[in-house]
Amino acid sequence: MRLPRVHLRLASTAAVRLHPPPSGAISHEVRDKKEWQLELEQHIARGQLAIARQVFDRIPSPDARAYNALIRAYSWRAPFHAAIDLYRSMLHSRVPPNKYTFPFVLKACSTLADLRCGRAVHGHAAAAGLHTDMFVSTALIDLYIRCARFGPAANVFAQMPMRDVVAWNAMLAGYAQHGMYQHAIAHLLDMQGHGCLRPNASTIVSLLPLLAQHEALSQGTSIHAYCLRACLDQKEEQVLVGTALLDMYAKCKHLVYACRVFYAMPVRNEVTWSALIGGFVLCDKMVQAFSLFKDMLAQGLCFLSPTSVASALRVCASLSDVRMGTQLHALLAKSGIHTDLTAGNSLLSMYAKAGLINETMALFDEMAVKDTVSYGALLSGYVQNGKAEEAFLVFKKMQACNVEPDVATMVSLIPACSHLAALQHGRCSHGSVIIRGLAIETSICNALIDMYAKCGRIDLSRQVFDKMAARDIVSWNTMIAGYGIHGLGKEATTLFLGMKNQGFAPDDVTFICLISACSHSGLVTEGKHWFNMMTQKHGIPPRMEHYICMVDLLARGGFLDEAYQFIQSMPLKADVRVWGALLGACRIHKNIDLGKQVSRMIQKLGPEGTGNFVLLSNIFSAAGRFNEAAEVRVIQKVKGFKKSPGCSWIEINGSLHAFVGGDQSHPRSPDIYQELDNILIDIKKLGYQADTSFVLQDLEEEEKEKALLYHSEKLAIAFGILSLGEDKTIFVTKNLRVCGDCHTAIKYMTLVRKRAIIVRDANRFHHFKNGKCSCGDFW
DNA sequence: TTAGGGTTAG
């Protein structure tokens, strides 16, 4: 019998004959072989593989049994290719492999995901008529599944004359590992129906992660009931089954059941603990997650694993508790697991999210092994801390180090373009995802929609949206929010109706996007309508964020008293952000009395962040009460709140130019200031009057006028006028809200310089053209 | 059996 020709390195041994086992009288040589075999197996049993190999090499002519013993030993531990090498030399020595050889060499191929070699072995087994043997077939299924070849795996399974639970489980594990939910369920039913076999612990442990992934709680509960009936929770696999059940409940966000399983388990391991801690993190129960982590440590360090530490570090990042995170870093170092890649990446993420750039970089440089996730953690940390330019540098470094960006990397990077409002960077990133074949991904498209909207190209956002293969709730919300910041409330409403027509159920975020879109467009009645519909028709209870939107809608629309009444009637106690929305509108509408009342409320609550201090101070300044304004700023300083300096920037030919108020650091500053002085003369002729109520300092009128003239957004616009051709639209981005005087002045600028100007501020877009602004002065 | 970086609003 000739073996078929194979294509790999095994090809050189193609002409191997399979002989029947030697028979005849037991000779002295046979007895010797028995002794060799005994010695060989003893060393293997003790795990002394190097000595076992020396023994093997001394055997005068090793037989299949000797080969099988060593191949089997090699197939269980690295280096796995030793098993394949030995199999190759077995063929070379013309010792015929048998049904005990093939499963183990196939296991080595499977572990190494070496499909070509595995196929060759499949050929050998078929030539020997052993490919339908139960153990050989099961090993073949494992191999094909591991290499994601479901067709060949199913063929092998179909050709088996007899199948045991292990064979059924091998196929099921394959479906489960590749997320093939329907196949897995059908296979399980078939196993019990046609196969007349009862699922065992391995079946359950394979299936549960798949149910968890699909949040199939009711099927998971049925499986739990089966486990109890089959007493699978009482045998030695109890830890595996119990942990898999617990994890399924946790992933289905059913923490009560997860805890119940956890506390009923007589024995737990490190996986059990980390699964439950991870469940609490998933459900955003950060304090409880950390408390459980501490309980685990109290039981002993033996339960500490990179996985549980990763969850604990997510808690630290989420609670912005760097001190706790640093203590965990020390604990990791002490336990010797700080070199673990998962643990290292979690630490990186914790430091990056906390904005501790030096610590992040130091750790990153220390890491001996870095992967895509390490770079992703660093990159997203920069983006989340508003350091978009640094994020681009990480991306460049990543490419220089040949680390391939994936979906998550690009989803992190694209918002960096939005933050900079750098359209050219955004377009490059769009090109980059197309080249990498990632443009089909829903999450990538969502990030692109957001990026184009924030870079002023709502038309390109819509193009991406229209071409998407599959949309999720985030896609719809992002597009509605995009229309909102462009003041296109009608379009936002139309899209919302289209969303419902296509069968998408809006969520709480949808209504935040929709109501704020109405607010930016002055659609007060519509906004109120959708707020009522949210609870009455969609059964979504309003959160604090919805109340903020409503107060913003009413107050910005000029209905200050109604907004005040609305706050009074809220079922929740209004927080600083709600009052802040009203205070902002008091400033716009110059209602000093109500402003004072609101500011007293804010003082009682204690201002959070910096916005309200600034607003309050501005209100006092606008009323000419400069001493009180200064006092607010002193309180702000004493309490340690920093005010972000107003900053505006403009992209010219792919380079960003940033300005702060009164900035003279730009190389073209003299020209910019000259241009602004000229503009002031021209716009005054058209009737512009500086609104000095926006000047915070107690200065003379003329000085106030100059202070306004050199606001950051005006400097950036003047630089744009000098740098761009007359037909080009000037696009400026500001980190804070555009000031009221600038808003008026820019309208005049479009007339005297005959330019279209777009300003994106912290709140929305302002499209200035022919002396008007798209916001209709609802700014 | 667990797990690290990710998109919307405020």
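Note on naming: letters A, B, ... go to the chains in the order of the sequence lines (proteins, then strands), and numbering restarts at 1 for each one.
The side chain of A:Q384 places no N or O atom within less than 4.0 Å of a non-bridging phosphate oxygen (OP1 or OP2) of B:dG5. Contact between the side-chain N/O atoms of A:R543 and the OP1/OP2 oxygens of B:dG10 is not found at any separation under 4.0 Å. For the pair A:K454 and B:dT7, the criterion of a side-chain N or O lying under 4.0 Å from OP1 or OP2 is not met. Applying the 4.0 Å criterion to OP1 and OP2 of B:dT1, one finds that A:K251 has every side-chain N and O outside that range. Listed pair A:S380 / B:dG6 meets the phosphate criterion, a side-chain N or O lying under 4.0 Å from OP1 or OP2.
In the set B:dT2, B:dG10, B:dA9, B:dA9 carries the atom at the smallest distance from any side-chain atom of A:V509.
Interface remark: the A:T409 side chain does form a donor-acceptor pair with the B:dG5 base, using a distance-only criterion of under 3.5 Å. Contact of A:T478 with B:dT8 (side chain to base): no donor-acceptor pair of N or O atoms is detected under 3.5 Å. On a pure distance criterion of 3.5 Å, a polar donor-acceptor pair joins the side chain of A:T307 and the base of B:dT2. For A:D371 against B:dG5, a side-chain-to-base donor-acceptor contact under 3.5 Å is absent.
A cation-pi contact, defined as under 6.0 Å to the ring centre and within 45° of the axis, is absent between A:K397 and A:Y375.
Rounded to whole Å, the distance from CG on A:L413 to C1' on B:dG5 is 13 Å.
DNA chain B is contacted by A:V205, A:P209 of residues 201-215 of chain A, taking any non-hydrogen atom closer than 4.0 Å. Across residues 341-351 of chain A, A:L341, A:T342, A:N345, A:S346, A:S349 each have a non-hydrogen atom less than 4.0 Å from an atom of DNA chain B (numbered order).
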